[in-house]
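Lettering of chains follows the sequences in order, A, B, ..., and the numbering in each one begins at 1. Only heavy atoms go into these numbers, but all of them, side chains included; no hydrogens, no water, no symmetry mates.
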Number of protein chains: 2
Amino acid sequence: MENKVKIARIQVDLTQQQLAERIGVTRQTISLIEKGKYNPTLKLCLDICYAVNKTLDEVFWIERKSD
Amino acid sequence: MENKVKIARIQVDLTQQQLAERIGVTRQTISLIEKGKYNPTLKLCLDICYAVNKTLDEVFWIERKSD
DNA sequence: GAATAATGCAATATATATGTTACGATTTAT
DNA sequence: ATAAATCGTAACATATATATTGCATTATTC
């Protein structure tokens with residue numbers, strides 16, 4: 001589950017801890033999402049987007065593989 | 001958790017059952033997502049987008065309420 | 001290079017997304 | 001009007017997202 005959370009987070013100059021606090025989630029959750037080891041819920045994706053000033057497509061969109 | 005799944009699904013002429021089968025999920029899950037009663041995972045959101053030929057922003061983006 | 005901050009990660013616990021089954025309601029076709 | 005298809009929803013079971021705690025590793029700063 002690759003994504004651009006880490007890039008976006010660094011662009012707005014936030015640590016995992018700071019981002020987690022703003023969203024109301026733990027640092028571990030942010031860490032695992034950035035490492036692609038979690039499949040986050042839509043609400044959490046939206047909260048992340050709001051915090052980094054980007055849209056879902058910009059942070060989480062993945063082109064369909066086959067066809 | 002409002003979204004445009006129902007509109008997008010009807011645009012590509014699929015029933016809840018057909019969409020569910022293509023995605024590999026149950027009809028109930030699609031129903032509850034359309035009614036805004038579920039907070040789907042990112043992977044499921046992506047699978048829905050692929051099935052209806054739209055992007056995350058087109059189907060699931062919600063403007064942040066209070067900036 | 002030592003101190004501190006930031007991050008990765010593992011084990012266990014809890015909350016919740018999703019599955020299963022079933023039935024009633026609504027829509028569509030005959 | 002009846003039959004069939006589609007959809008809404010409830011109860012319970014299961015899978016998994018997230019929390020909690022703790023410690024190890026890497027980066028930063030002095």
Spacing of B:K43 atom NZ relative to D:dA15 atom P, expressed in whole Å: 17 Å
Per-nucleotide protein contact string for nucleotides 3-10 of chain D, where B marks a base within reach and S marks sugar-phosphate only (heavy atoms under 4.0 Å, - for neither): ---SBBBB
Same apolar cluster: A:I10 and A:V59, side chain cutoff 4.5 Å: no
Interatomic distance where CD1 belongs to B:I33 and P belongs to C:dT16 [whole Å]: 17 Å
Side-chain N,O (B:T29) to OP1/OP2 (C:dA17) below 4.0 Å: no
Same apolar cluster: A:F60 and A:I7, side chain cutoff 4.5 Å: no
Least distance between heavy atoms, A:W61 atom then A:K4 atom: O-NZ, 4.4 Å
Interatomic distance, A:N3 CG vs D:dA17 P [rounded to whole Å]: 14 Å
Touch class at under 4.0 angstrom, heavy-atom based, for A:T26 against every strand present: base
Check: A:I23 main-chain N/O paired with A:D47 side-chain donor or acceptor under 3.5 Å: no
Shortest non-hydrogen contact from A:A51 toward A:L19: CB-CD1, 3.5 Å
Flag side-chain contact, heavy atom, 4.5 Å: B:Q11 against B:V52: no
Close approaches to DNA chain D from residues 45-56 of chain A, in residue order (heavy atom, under 4.0 Å): none
Qualifying salt bridge (charged side-chain N to carboxylate O under 4.0 Å, His left out) pairs, either residue in residues 14-36 of chain B, two or more places apart: B:R9-B:E34
Side-chain (A:D57) to main-chain (B:D57) donor-acceptor, under 3.5 angstrom: yes
